[in-house]
Amino acid sequence: MSLSGSSLPSSSVDPWTPFLEAILDGMVAAGQTCGVAFTREAIVPQLSLDEGVEGEVAFPCHRVAAAAKRSALELATALAAAFPPSPLLRSVSAKGAYVNVRVDPESLTRSTLELVLSRGNRYGHGEPAGPPVAVEHTSANPTGPFHIGRVRNGIIGDTLARVLRASGTPVTTQYYVDDMGRQAAMVTWIWSKPRESWPEPIRKAVEGEEAPEEKPDRHWGRPYPAVSAYLKEHEDAREEVSLLVQQIESGEVPQEHRKLAESILKGMLESLARLKITFDEFVWESELVRDGSVNRVFERLRACPHAIQETNGAWAIDASSYGLPKESTHLVFQRGDGTSLYIARDVAYHLAKFARFARVLDVLGQDHQLHARCLNALLEEIGESRRPEFVIYQDITVPEGGRMSTRGGSAVWLDHLLAEAVDRARAEVLARREDLADSDVDRIAEAVATGAVRYHIVRAAPDKPVVFRWEDALSFEGRSGPFLQYSFARASGVLRKGEALQPPYPFDAARLSHPDEATLIRIISRFPRTVAYAARTGHVHAVAGYAHELADQFNRFYHAVPVLRSTEERSSRIALVAAMRQTLGNALDLLGISPLEAM
RNA sequence: GGGCGCGUAGCCUAGUCUGGAUAGGGCACCGGGUUCCUAACCCGGCGGUCGAGGGUUCAAAUCCCUCCGCGCCCGCCA
């Protein structure tokens with residue numbers, strides 16, 4: 001890994017900073033001796049950390065050598081020889097064209113453990129900085145329960161918000177509730193009719209499946225797929241829905257409409273809450289219509305040079321000069337009947353966000369990518385210079401091929417997945433522990449199940465398509481959420497039995513010299529850098545990978561090195577376990593996975 | 001057809017933004033480990049030259065071009 005910018009983080013948040021300072025000072029001094037001038041700013045991005053053959057920090061000399069018209073091998077040797085000694089660095093050597101620096105392990109151990117133990121649950125976090133950022137994610141239409149494909153948005157978005165907050169950025173998360181569009185209107189349309197008068201296919205699709213006391217999203221959303229299919233075939237019904245859309249948008253809103261949307265949303269949010277996904281704010285699309293924002297957007301767009309009106313009264317922007325695909329240069333923003341299209345409302349929504357936030361982040365599925373570009377085109381058209389930043393993720397597909405589809409019957413419901421995961425987790429807990437109270441079994445099973453599901457989704461890079469397989473999603477071993485929880489529980493067990501759940505943790509860095517200890521400390525020391533990287537790039541899956549690496553090395557250490565049974569190393573090792581537990585706990589928090597003291 | 005994304009061992013995946021020294025993990029498979037702090041664990045082994053081809057470079061999984069495969073989008077739906 002290389003560093004993100006040309007400057008170093010504050011030493012109050014990153015244990016590596018003093019060592020990197022020492023390396024930079026040494027490099028500059030050695031450069032002067034050898035007749036090559038380079039600045040710290042030039043060196044920083046070239047340093048490669050935690051890599052290399054025989055050093056923790058390596059500096060490849062090819063570039064400077066080429067600039068100085070010298071041999072890279074010769075220069076590496078000369079630089080290493082001229083490198084002034086530092087108490088923080090154990091050795092500096094040349095190998096090939098590389099200068100390899102090993103930091104003093106005791107100093108790094110001290111620097112790391114002190115920082116972790118003093119910062120506690122702030123370890124890994126940056127210093128508060130930067131302007132306020134809005135993160136919009138999930139924003140699923142309130143038409144029925146979540147399937148796992150939709151939840152990927154929320155898991156990525158919520159993790160991104162957590163990571164950004166940890167990096168120091170003030171974040172507000174928003175769920176954009178689309179209660180104005182056709183989709184939501186379809187739900188109201190069917191429920192506004194007496195059940196007896198529902199078209200046959202819709203009634204049939206719903207009948208016999210309902211459970212008493214089912215969640216509101218399940219209940220009220222049940223007819224939606226059938227309605228959607230029905231409308232494709234029935235022009236008259238489509239017209240009824242169009243009429244309803246007009247009524248809703250003009251404010252003659254049947255009270256029922258908002259209540260239905262709220263009710264379904266409530267059920268949806270209940271499921272998300274189990275995954276620890278919550279929101280700071282909900283922005284109801286109907287409010288943007290009611291407060292005139294959408295109308296103001298209409299006025300601004302109609303006044304634009306590329307605005308055109310169709311013969312039936314619809315308005316569009318000719319966006320052919322914006323580099324969009326040829327087929328989507330005709331951007332209709334207002335229907336012939338005067339109602340708004342999603343893109344017009346989305347412009348209004350983004351203007352509202354720009355008014356409050358310096359940066360606007362939208363988490364979007366790849367199917368919305370073209371829409372995102374069209375949105376940018378309209379923002380440009382009305383003279384808005386700011387742009388949202390899009391975090392695009394790929395779909396979750398099913399093994400048979402294709403996206404998860406509610407209508408096609410290929411959707412895997414989040415609630416179903418969680419129920420299955422809880423069942424399996426409970427069986428695992430019961431197989432291992434006979435001493436637990438029922439309430440503890442329930443609590444652990446819920447944590448394991450939700451941790452497994454959340455980790456399974458967040459571990460993949462957003463731009464990687466994910467094929468949903470039950471056996472993978474329900475895996476509790478290897479690279480999984482439960483493995484992280486298990487490792488945390490193990491560390492907790494050690495501290496509990498050592499009666500060391502509270503600080504202070506006195507330690508002697510010289511006593512932590514076992515190779516598995518050194519490796520563990522290196523990984524712990526990398527956490528702040530990892531969080532900063534994830535926040536900067538939006539690669540939140542880097543945190544998932546990091547947490548696994550940390551837990552993995554902890555287990556290796558656990559097997560190789562006795563803690564409570566050791567004598568002169570005991571307190572130092574307890575301190576190391578406490579630091580690892582703190583770091584893993586902080587990582588779990590960023591991932592939205594519940595830590596477990598025991599399992 | 002056009003646009004966008006993806007393509008790393010039998011399967012899944014990190015690394016690609018910012019090119020650097022033997023491409024990290026996990027699953028599966030084979031062989032070991034529990035009188036000892038939780039075996040949802042650990043140790044060892046097997047297996048990849050990074051879709052194909054060209055180019056740039058001292059150096060390419062990483063940058064550029066072409067091609068192939070897969071996915072998504074191309075609505076007065078969202």
Side-chain angles (χ1 to χ4, degrees), chain A residues 1-5 45-46 48 51-54 58 60-63 65-66 72 95-98 100 139-141 143 178 181-184 186 228 242 310 312-316 323-328 332-337 339 341-343 345-346 365-371 373 392-395 397 401-403 425 428-429 431-433 448 459-461 463-467 469 471-472 475-480 482-483 485-487 489-498 536-537 539 541-542 544-545 548-549 552 555-556 558-560 562-566 573 577 598-599:
Chain A
M1 182 187 237
S2 60
L3 292 159
S4 41
Q46 288 191 60
S48 96
E51 288 169 41
V53 176
E54 53 180 41
C61 296
H62 312 85
R63 236 184 295 256
K95 171 130 187 184
Y98 297 82
N100 291 309
S139 301
N141 290 336
T143 54
D178 179 3
R182 287 187 74 86
Q183 271 82 345
M186 279 153 60
S228 179
S242 294
E310 314 282 316
N312 70 351
W315 281 87
L324 297 167
K326 287 190 284 293
E327 301 80 5
S328 52
V332 179
F333 59 87
Q334 187 175 23
R335 293 190 184 98
D337 66 9
T339 56
L341 262 65
Y342 171 54
I343 194 158
R345 304 191 295 266
D346 211 19
Q366 70 155 336
D367 54 332
H368 281 63
Q369 200 160 20
L370 182 58
H371 170 262
R373 293 175 61 191
I392 305 290
Y393 65 93
Q394 302 293 307
D395 295 308
T397 61
R403 279 203 294 172
E428 291 288 331
V429 176
R432 287 159 220 274
R433 302 283 301 265
V448 167
R459 51 177 264 173
D463 53 12
K464 210 80 151 167
V466 169
V467 178
R469 292 192 181 84
E471 63 270 30
D472 293 344
S475 167
F476 297 163
E477 293 171 5
R479 235 199 119 179
S480 71
F483 173 68
Q485 291 168 314
Y486 178 73
S487 307
R490 255 190 170 169
S492 302
V494 171
L495 298 181
R496 195 164 50 241
K497 294 196 174 169
R536 179 176 61 84
T537 60
H539 292 182
H541 62 288
H548 177 260
E549 206 182 332
D552 202 30
N555 283 295
R556 223 166 275 156
Y558 179 89
H559 279 276
V563 178
L564 300 180
R565 284 178 280 110
S566 61
R573 286 179 178 164
V577 172
M599 60 190 283

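Numbers restart at 1 for each chain; the letters A, B, ... are given by sequence-line order, proteins then strands. All values derive from a computational prediction rather than experimental measurement.
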Q | Residues A:D463, A:I392; criterion side-chain contact (heavy atoms from CB on, under 4.5 Å); working and verdict | A | CA-CA 7 Å; A:D463 53 12; A:I392 305 290; over 6 Å; no
Q | side-chain contact (heavy atoms from CB on, under 4.5 Å) assessment of A:M186 paired with A:T143 | A | CA-CA 8 Å; A:M186 279 153 60; A:T143 54; over 6 Å; no
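Phosphate proximity of B:C73 to A:R403: present, with a side-chain N or O under 4.0 Å from OP1 or OP2. A close approach under 4.0 Å does not occur between any side-chain nitrogen or oxygen of A:H62 and OP1 or OP2 of B:U57. Using a 4.0 Å cut-off, no side-chain N or O of A:K464 falls inside it from OP1 or OP2 of B:C12. For the pair A:R335 and B:C77, the criterion of a side-chain N or O lying under 4.0 Å from OP1 or OP2 is met.
Donor-acceptor pairing under 3.5 Å is recorded for the side chains of A:D337 and A:T339.
One cannot find a donor-acceptor pair under 3.5 Å joining the base of B:C11 and the side-chain atoms of A:D472.
Rounded to whole angstrom, the span from the CD atom of A:E471 across to the P atom of B:U13 amounts to 14 Å. A:R479 has its CZ atom 15 Å from the P atom of B:A28, to the nearest Å. A:Q366 places its CD atom 11 Å from the C1' atom of B:C70, with the value rounded to the nearest Å. A:H371 places its NE2 atom 16 Å from the C1' atom of B:C4, with the value rounded to the nearest Å. Residue A:H541 contributes atom NE2, which lies 14 Å from atom C1' of B:C6 at whole-angstrom precision. What separates CG of A:D337 from C1' of B:G75 is a distance of 15 Å, to the nearest Å. Between the CG atom of A:D463 and the C1' atom of B:C70 there is a distance of 15 Å, rounded to whole Å. When rounded to the nearest whole Å, the span between CH2 of A:W315 and P of B:C76 equals 17 Å.
Partners of A:H559 under the ring pair (Phe, Tyr, Trp, His ring centres under 6.0 Å) rule, at least two apart in sequence or in another chain, do not exist in this structure. Every residue two or more places apart in sequence or in another chain that forms a ring pair (Phe, Tyr, Trp, His ring centres under 6.0 Å) with A:F483 is listed here: A:H548. Residues satisfying the side chain to side chain contact (heavy atoms under 4.5 Å, CB included) test with A:A489, not counting sequence neighbours, are A:M599. Take A:F476 and apply the ring pair (Phe, Tyr, Trp, His ring centres under 6.0 Å) test, not counting sequence neighbours, and it matches no residue.
Going from atom OG of A:S228 over to atom CD of A:Q183 covers 7.5 Å, rounded to the nearest 0.5 Å. Rounded to the nearest 0.5 Å, atoms CD (A:Q394) and CG (A:D367) are 9.5 Å apart. In this structure, A:R403 CZ and A:Q366 CD are separated by 7.5 Å, a value rounded to the nearest 0.5 Å.
A distance of about 29 Å separates the C1' atoms of B:C36 and B:G25, rounded to the whole Å. For B:G75 and B:G69, the C1' atoms lie 29 Å apart once the distance is rounded to whole Å. Between the C1' atoms of B:A59 and B:A23, the separation comes to 15 Å (whole Å). The P atoms of B:U13 and B:C74 are separated by 26 Å, rounded to the nearest whole Å. Distance noted for atom C1' between B:A61 and B:G33: 37 Å (whole Å). Look at the P atom in both B:C41 and B:G5: the space between them is 37 Å, to the nearest Å. Atom P of B:C11 sits at a distance of 16 Å from the matching atom of B:C29, rounded to the whole Å. The separation of B:G48 from B:U56, taken at their C1' atoms, amounts to 26 Å, rounded to a whole angstrom.
Among the protein residues, A:Q369 comes within range of the sugar-phosphate backbone only, with heavy atoms under 4.0 Å from sugar or phosphate atoms but none that close to a base. At a threshold of 4.0 angstrom between heavy atoms, the contacts of A:N312 include nucleobase atoms, whether or not backbone atoms are also involved. Residue contacts for A:V577: at a heavy-atom cut-off of 4.0 Å it reaches no nucleic acid atom on any strand shown. Using a 4.0 Å heavy-atom criterion, one finds that A:G336 contacts the bases of the nucleic acid, with or without backbone contacts as well. Among the protein residues, A:V466 comes within range of no part of the nucleic acid, since none of its heavy atoms lies under 4.0 Å from any strand.
Side-chain proximity of A:E477 to B:C41, B:C73, B:G71: nearest is B:C41. Candidate nucleotides B:C76, B:C4, B:G26 were compared by shortest atom distance to the side chain of A:A314, and B:C76 ranks first. Distance from the side chain of A:T537 is smallest to B:C17 among B:C4, B:C17, B:C76. In the set B:C12, B:C73, B:G19, B:G19 carries the atom at the smallest distance from any side-chain atom of A:R63.
Applying the Watson-Crick and G-U wobble criteria (two distances, each under 3.5 Å), B:C11 pairs with B:G26. Taking a pair to require two hydrogen-bonding distances under 3.5 Å in either a Watson-Crick or a G-U wobble arrangement, B:G31 pairs with B:C43. Pair assignment for B:G48: none, as no Watson-Crick or G-U wobble contacts are both less than 3.5 Å. Applying the Watson-Crick and G-U wobble criteria (two distances, each under 3.5 Å), B:G53 pairs with B:C65. Base pairing of B:A59 is not made with any nucleotide, judged by Watson-Crick or G-U wobble geometry with both donor-acceptor distances under 3.5 Å. Checking B:C72 for Watson-Crick or G-U wobble geometry (two distances, each under 3.5 Å) identifies B:G3 as its partner.
In this structure a side-chain-to-backbone donor-acceptor pair under 3.5 Å is missing from A:R373 to A:P325. Under the 3.5 Å distance criterion, the side-chain polar atoms of A:R573 are left unmatched by any main-chain donor or acceptor of A:S566.
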Q. For nucleotides 33-38 of chain B, read 5' to 3', which letter fits each nucleotide if B means a protein heavy atom sits under 4.0 Å from the base, S means only the sugar-phosphate is that close, and - means neither?
A. B--SBB
Q) What is the per-nucleotide protein-contact pattern of nucleotides 44-52 of chain B, from the 5' end, where B denotes a base atom under 4.0 Å from a protein heavy atom, S denotes such proximity for sugar-phosphate atoms only, and - denotes neither? A) ---------
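Between A:H371 and A:H368, the ring-plane angle classifies as perpendicular under the 30° and 60° cut-offs.
Heavy-atom nearest nucleotides on RNA chain B were determined for A:S475 and for A:H539, and the one closer to the 5' end corresponds to A:H539. Nearest-nucleotide assignment on RNA chain B puts the 5′-proximal partner with A:N555, out of A:D395 and A:N555.
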